[in-house]
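Comments concern the structure below.
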2 protein chains.
Amino acid sequence: MNKPSPNLTIKDIAKLSGVSKSTVSRVINHDPMVKESTRNKVMAIVEQYQFTPSKSARAMRGYGNKVIGIIVTRLDSISENHAVRNMLPVFYANGYDPIIIESQFSPQKVEEHLTMLKEKQADGVVIFAFTGLNSSRLTFWQDKCVVIARPFSEYTCICYDDVGAVNKALTYLYQKHKKIGYIGITKQDQTTGELRYQAYTNFCHTHKLKPNAVLGKLSYYSGYELAESVLVDSPTAIICATDSIALGLNKFLSEKNINNIVVISIGSSELLKFLFTKTITVDLGFDKAGTYAANELLQILQSGSKPKIITVPSQILI
Amino acid sequence: MNKPSPNLTIKDIAKLSGVSKSTVSRVINHDPMVKESTRNKVMAIVEQYQFTPSKSARAMRGYGNKVIGIIVTRLDSISENHAVRNMLPVFYANGYDPIIIESQFSPQKVEEHLTMLKEKQADGVVIFAFTGLNSSRLTFWQDKCVVIARPFSEYTCICYDDVGAVNKALTYLYQKHKKIGYIGITKQDQTTGELRYQAYTNFCHTHKLKPNAVLGKLSYYSGYELAESVLVDSPTAIICATDSIALGLNKFLSEKNINNIVVISIGSSELLKFLFTKTITVDLGFDKAGTYAANELLQILQSGSKPKIITVPSQILI
DNA sequence: TTGTACGCGTTATCAG
DNA sequence: CTGATAACGCGTACAA
């Protein structure tokens, strides 16, 4: 119970600069109603002693903590990682302390984390949505949060261009290929599963292609295991709903020495491109999503801008 | 500036249960000096209204925030990810809120984060060390932090068995191989670089083997690029200092259709084992490291145990 | 065993 | 333009 370093308070600064607490407070809060001279006087002391106001104290006064909660599904999700890595600098630059938490796809954990953030007087939240997450849990944060990967109405959302990405892949392939397979994930997952699969079947329908799709889990194991079933129809090209699936498929193809099949992956990870150079990838723009999310949140917090849905443009990399 | 939900305070609970603030405070802090009956009475109200004391307020009273800072180098480091994922549940279970921050290998960022945590009255810190991190920056946290991956004296540290792992790999190989190559990373990195390399050269020396080592960066690109140089000496087995290097090397070998070389990787990632099944891996125990770190930190915080260095046992997976 | 009164560091209000 | 002073929610001597 020792006072580790006699950290100065606003009161000390007041004494040292010969003014009152209130004036110091005004200075550090950029109140325009302070005389130039006194401001300088105080600022000098502040800088000299490296004074920073106690976060906990100002949090208690309802001022907010300059804290942003970032709720990811899993720490080791490559896509979310990319997004997060791109928001951090933005938050830091604006003096916010981002705190990262894992939801592990559990709505209940989300709830716990959210109340924790509320207690801590966090100023805002970025949350990566997942199947099963209900927007009703977010009502408290409605006007200070950004949702990623799901278009919740009344919220500011950053969405990926699932449909567009699949279409870009198909349009590219359709020039030379008429037998195009698809390895996806089950329709339980609304975006990565259902949306991308629908885009595939729709395209097949309007272009009179015979669909050849298998759906499984989101993992490279799944891609590997499902490879055989797609190949039955002897496609000349295969679209993978995610890059992990593409990894699995590529492993299978390489093991069987199959070289004449074009592989396209929705989602463009470094590792995939490194290991299987021939794979064509569609970049969903995870990095950009992070930047967008951070900037939007800051705007919401500062100027209270209206909810809107931003779709990050996808880009095919040939 | 609206009061979003009229959150109850300790005062409200006091009124509702017909006692004074102080009694309520005592109850929620488990002060043994309260009568059974009143405790129950208060607890009932507390539970009924889901009351939780304001974190910021008690932080201000110097009570600590029940916050643990976890400073990782990079969010997408597989090894650190594993470790972190294993500490989180431990911290949650004990009522701590872990907050994860990135150092990006910058001592200066570490410093910033540390002072941030200090302001926030964080209770403890877990920090993943890296080359360039000086233990002097940690003095304030000396008695409430755990360092991972470097043996700082006077601190509680969780270290990986760099030397042991390399020796296990070499001992295994030495049964059948006398020409063993090594792809590592530059000696600037004290543990992954220097320590593992030294273990290799030492083993070669004592067993009269001709060393054949190349050192580069910590990336799969580096593994790929350096492959050729090691092969010049036509080794029958190659040890990779990390699993990313092993990925690069394996890609190279597979492209050149070289199948007669045994690859051993220090560090055993799912992806590596999945993609290149034949690779032998030495597990450094990242998961265990996380668990150890969390438990040690809790012990330090609770019973102020002495600094010690724990080496996580490595294990060869054949 | 419980209640009273005070202080923690900050901001907001209201005089001056 | 600035300085007292009162809050904020909580913990804790001290008194009862």
Side-chain angles (χ1 to χ4, degrees), chain A residues 1-43 45-46 49-67 95 118-121 123, chain B residues 1-43 45-46 49-67 115 118-121 123:
Chain A
M1 307 304 164
N2 51 344
K3 283 225 175 59
S5 70
N7 247 342
L8 324 139
T9 84
I10 198 175
K11 201 194 269 175
D12 304 317
I13 303 295
K15 277 200 189 103
L16 286 168
S17 36
V19 296
S20 76
K21 304 186 283 180
S22 346
T23 307
V24 178
S25 176
R26 287 178 183 116
V27 169
I28 60 186
N29 288 332
H30 306 106
D31 186 324
M33 305 300 161
V34 278
K35 217 193 330 187
E36 266 300 304
S37 59
T38 47
R39 147 162 299 128
N40 294 143
K41 193 169 50 179
V42 174
M43 280 302 250
I45 308 285
V46 166
Y49 288 85
Q50 292 266 38
F51 167 74
T52 33
S54 149
K55 301 238 179 196
S56 2
R58 36 169 49 183
M60 210 186 60
R61 293 298 290 123
Y63 227 52
N65 234 342
K66 282 282 203 177
V67 164
K118 193 169 154 188
E119 282 167 7
K120 275 205 187 332
Q121 306 255 31
D123 303 82
Chain B
M1 301 303 171
N2 50 345
K3 281 220 173 67
S5 71
N7 248 341
L8 333 131
T9 83
I10 197 175
K11 200 193 273 174
D12 304 318
I13 303 295
K15 275 202 190 100
L16 286 167
S17 37
V19 297
S20 77
K21 304 184 286 180
S22 5
T23 308
V24 179
S25 174
R26 286 174 183 120
V27 169
I28 58 186
N29 288 335
H30 306 105
D31 186 324
M33 304 300 163
V34 279
K35 215 194 330 187
E36 267 298 305
S37 59
T38 46
R39 148 162 296 130
N40 295 142
K41 193 169 51 179
V42 175
M43 279 302 248
I45 307 286
V46 166
Y49 288 84
Q50 292 268 39
F51 167 74
T52 33
S54 147
K55 303 239 177 194
S56 3
R58 50 171 31 192
M60 211 186 59
R61 291 298 288 123
Y63 228 52
N65 234 342
K66 283 281 202 177
V67 164
T115 64
K118 191 168 154 189
E119 282 167 8
K120 276 205 186 333
Q121 306 254 31
D123 303 83

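Here is the naming used below: chain letters follow the sequence lines, and residue numbers restart at 1 for every chain.
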Nearest-neighbour nucleotide for the I10(B) side chain, dT11(C), dT2(D), dC10(D) considered: dC10(D)
dC8(D) phosphate, OP1 or OP2, under 4.0 Å from R61(A) side-chain N/O: no
dT2(C) phosphate, OP1 or OP2, under 4.0 Å from T38(B) side-chain N/O: yes
To the nearest Å, how far apart are [X] [atom1] and [N] [atom2]?
| X | N | atom1 | atom2 | answer |
| --- | --- | --- | --- | --- |
| K15(B) | dG9(D) | NZ | C1' | 13 Å |
| N29(A) | dT2(D) | CG | P | 15 Å |
| N40(B) | dT1(C) | CG | P | 14 Å |
| D31(B) | dT2(C) | CG | P | 10 Å |
| M60(B) | dA7(D) | CE | C1' | 11 Å |
| K41(B) | dT1(C) | NZ | P | 14 Å |
| R39(A) | dT2(D) | CZ | C1' | 13 Å |
| K11(B) | dA5(C) | NZ | P | 13 Å |

Near-strand residues of residues 18-26 of chain B, defined as heavy-atom separation under 4.0 angstrom from DNA chain C: V19(B), S20(B), K21(B), S22(B), T23(B), R26(B)
Does [X] reach the side chain of [Y], with side-chain heavy atoms less than 4.5 Å apart?
| X | Y | answer |
| --- | --- | --- |
| Q50(A) | T115(B) | no |
| E36(A) | N40(A) | yes |
| R26(A) | S22(A) | yes |

Comparing S37(B) and A57(B) on DNA chain C - which has the more 5′ nearest nucleotide: S37(B)
Most 5' of T9(B) and K35(A) on DNA chain D, judged by nearest nucleotide: K35(A)
Residue from L16(A), D12(A), V42(A), I28(A) passing side chain to side chain contact (heavy atoms under 4.5 Å, CB included) with F51(A): I28(A)
Main-chain N/O of D31(B) paired with N29(B) side-chain donor or acceptor, under 3.5 Å: no
Side-chain donor/acceptor of S17(A) to backbone N/O of I13(A), under 3.5 Å: yes
Shortest non-hydrogen contact between S56(A) and A59(B), atoms and distance: CB-CB, 3.8 Å
